[in-house]
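What follows is one structure encoded as structure tokens, with my remarks underneath.
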Amino acid sequence: MPPKMKNMLSASIPYLDVIQEIAGAAGGPAGGAAKALVGLLKILEKAGDNVGGFEDLVADASTLVVVLNDWRNDSPGHHLYEAAQNLEDAIDAIKQTAGEKLSHSILIRLTNVKLDSDTIARLKERLTLAVQVYEVASGLKLNQGLEMLDKRSKWNHASSILAHHKKSNVTFDNNGPDNLIECQDGTRVDMLDKLIDWVTSRRRRLGWMTGPAGAGKTAISRTLCKKLRAMQIEPLSFFLFKASGRNSLAPLIPAFISQLVTLFPSIRLEIADIFDKDSDICGKSFATQFEVLFIPILQRISSTSSVDSPPILFVIDGLDEGEDTGNDVNIILQLIIHHLPNLQKQVKFLISSRQERKIQEHFDANCHMVHHVVVPSSMHDIRIILRHGLDKIHRRRQDLPPTWPTNEDFEQLVEHSSGYPIHAKVVLEYMSTGGIPPAAALRDVLLWASRGSEDPMMGGLESLFYGILSAAQAKNHLVCEVLELVVIYTECHFAWPSSIMISMVADILSSSNRYRISQLDQRQRLDLIMPALHNLRSLVSFDTLKPPSYGSLYDDDKDDQSDDGERDTTKKRFSSPNVILGDDPLTLQNLTGGSKRMTLQFYHKSLSDFLLSKGVSKELFVDIQAALKKTILRCIRLLKDPEYLTNRLVSFVHLFVQRVIDACYPAYGCPRIVHPYLEHQNETYYMHSL
């Protein structure tokens with residue numbers, strides 16, 4: 001081979017072994033072309049599914065054909081002509097094989113990989129390339145590939161809508177503070193066994209579990225779900241928990257659909273088609289969501305199920321804690337009762353709630369299809385809970401005598417609990433965190449119980465709440481003020497933050513008549529409420545504020561910056577939570593060595609019920625109308641303070657007072673008010689903040 005041609009070939013294609021085989025084709029057209037074809041296909045095989053390698057190979061081989069044709073024109077010879085012709089045939093074979101491999105790899109990715117919109121767009125581009133460059137339309141199954149891409153694109157759209165409407169912390173295995181609520185080992189054994197037997201049977205498919213507040217319904221529901229999962233029966237759950245702000249029923253259907261997709265991936269295409277026809281389906285009425293989305297998907301799953309298929313159990317826990325906007329609870333129960341008989345026998349619903357009249361009417365009217373389970377009191381279970389908790393306290397405290405508590409005191413604790421876990425758990429919390437020695441705390445509990453037994457309005461739990469709060473209020477006058485704010489914030493039903501921030505409590509209470517906010521820095525404001533929080537530790541929980549599970553709280557704008565790149569703190573804007581909260585807020589954890597913002601909420605809804613019931617809470621009664629009015633005036637006083645307008649919590653306080661005025665205040669029979677300051681500030685405040 002002449003040096004000039006060899007140099008041109010070396011520059012044209014990087015595969016030297018093939019260059020030698022093509023060069024050898026000059027001595028024998030048929031054999032040389034065959035060697036060239038074998039060599040090129042070997043390269044193709046080495047390239048595997050690397051699409052870039054295919055493209056480079058085709059381009060380099062095409063360049064080589066041009067070089068051979070040029071040489072043939074300069075030096076006529078039949079052998080070079082045949083080599084070039086056979087090499088073109090080899091390139092066609094390469095295109096066909098490369099295109100088929102490309103098509104196969106794309107189709108595999110479509111079925112095995114979670115694709116976002118950008119990836120789908122790139123795969124469409126590659127399919128088009130396979131046709132245009134490799135000329136293999138017939139072998140690519142192009143229509144099938146593009147159809148699958150379109151379906152995946154529709155599913156991505158539907159998935160994003162579901163993610164926006166569902167809540168991430170509604171399932172039984174959520175990471176919220178209530179995730180620790182479950183049955184202690186050795187308790188509720190018989191009841192759990194009976195529930196599992198019902199789930200796995202073909203008996204009545206609508207279960208209703210009832211019991212008073214604190215009976216342990218949520219603990220039983222969560223433990224049941226965990227046991228079923230261990231049995232390879234995956235429950236679909238929706239847990240309402242008012243104390244954590246999870247009291248909206250709006251995400252119910254999106255949450256169930258999202259869980260169904262995890263269990264039955266094949267239904268994605270049907271869901272995608274539904275959302276393609278109506279992308280606003282999750283924002284429509286429950287009846288529409290049931291009939292257009294939920295029931296068709298369940299029927300699709302049922303149609304592919306066999307008689308031996310495991311049950312499909314939907315668990316709705318705490319239905320009575322749901323915000324009943326527009327009669328939602330009644331509508332949901334009506335829809336479940338109406339549609340359940342038309343679904344396969346594997347589908348079951350278990351609903352837990354207190355025995356409220358509006359709920360009970362539905363189950364009583366359809367008792368023929370209801371499996372009613374009443375959570376019983378159990379002194380046996382209380383003994384296990386108390387013994388386990390007292391043993392832990394005893395191990396931590398070396399100053400307690402070996403015989404503490406005495407058998408008599410222990411039996412009194414069991415008796416006063418009335419057989420329900422909430423009483424025992426509050427007692428144990430008070431002994432652990434009440435701020436006094438456990439022995440003294442035990443004496444207090446027994447004293448309050450004896451006094452409560454003399455009052456016909458008081459039960460064991462109510463007398464315990466009354467005793468703890470009365471003692472706390474005697475130690476610090478702000479205890480009831482803190483409780484009022486927690487009750488009001490809970491009634492406002494904020495999606496995020498679902499519980500009130502401690503620093504916001506401190507700011508609002510610091511704006512009372514005796515203080516001016518500008519006279520106190522944030523540490524001093526927190527110092528005002530620290531003693532009250534310390535005395536409430538047995539009844540409230542503290543949690544680290546987490547960002548919302550989707551998107552930003554408000555507009556996802558960037559911070560204002562000055563010309564030198566520094567953050568401009570003279571302007572405040574509604575933006576993402578991290579902007580509002582800042583990087584170094586002073587919080588309760590700052591005082592104990594931490595650095596994250598903390599929130600405050602009741603351990604159990606029964607405490608809120610106690611505070612709002614004048615007959616049992618007496619002087620601790622939260623007069624909601626008076627408390628709302630007082631809170632509104634305090635927030636307005638806070639917002640009118642020029643010093644506070646640069647505080648990072650100002651937007652939260654403003655939203656809080658607006659929510660109180662717009663929703664919570666009228667809900668309790670108060671007239672709709674428009675405070676002159678807020679009416680004036682609607683424009684000036686937002687201009688300043690945004």
side-chain hydrogen bond (donor to acceptor under 3.5 Å, both in side chains) with Thr210: of Glu356, His372, Gln360, only one passes, and it is His372
Q) Taking the six-membered ring for Trp, are the ring centroids of Phe465 and Trp448 within less than 6.0 Å of each other? A) no
Between Trp198 and the options Asp193, Leu350, Val373, the side chain to side chain contact (heavy atoms under 4.5 Å, CB included) test singles out Leu350
State plainly whether the residues Glu481 and Lys630 are in salt-bridge range, i.e. N to O under 4.0 Å.
yes
Which label fits Phe656 and Tyr489: parallel for a plane angle under 30°, tilted from 30 to 60°, or perpendicular past 60°?
tilted
### Message
Within the 3.5 Å criterion, strictly below it, is a donor on Tyr466 or Glu619 matched to an acceptor on the partner's side chain?
### Response
yes
**Note: Asp197-Arg203 ion pair, threshold 4.0 Å (strictly below)** = yes
Answer yes or no: is there an ion pair linking Lys614 with Asp623, defined by an N-O contact shorter than 4.0 Å? no
Given the options Leu464, Leu469, Leu461, Phe610 meets side chain to side chain contact (heavy atoms under 4.5 Å, CB included) only with Leu469
Charged tip of Arg387 within 45° of Phe410 ring normal and under 6.0 Å
yes
Is a salt bridge present between Arg188 and Asp381, judged by a nitrogen-to-oxygen distance below 4.0 Å? yes
Inspect the contact between Arg300 and Glu270 and indicate whether a charged nitrogen and a carboxylate oxygen are less than 4.0 angstrom apart.
yes
*Charged N-O contact under 4.0 Å between Asp609 and Lys605*: yes
Practice item. Inspect the contact between Glu429 and Lys425 and indicate whether a charged nitrogen and a carboxylate oxygen are less than 4.0 angstrom apart. Key: no
> Are Phe294 and Phe286 an aromatic pair by the rule of ring centers under 6.0 Å?
Replying inline: no
Sorted by chain and residue number, the side chain to side chain donor-acceptor pair (under 3.5 Å) partners of Ser309 (sequence neighbours excluded) come out as Ser306
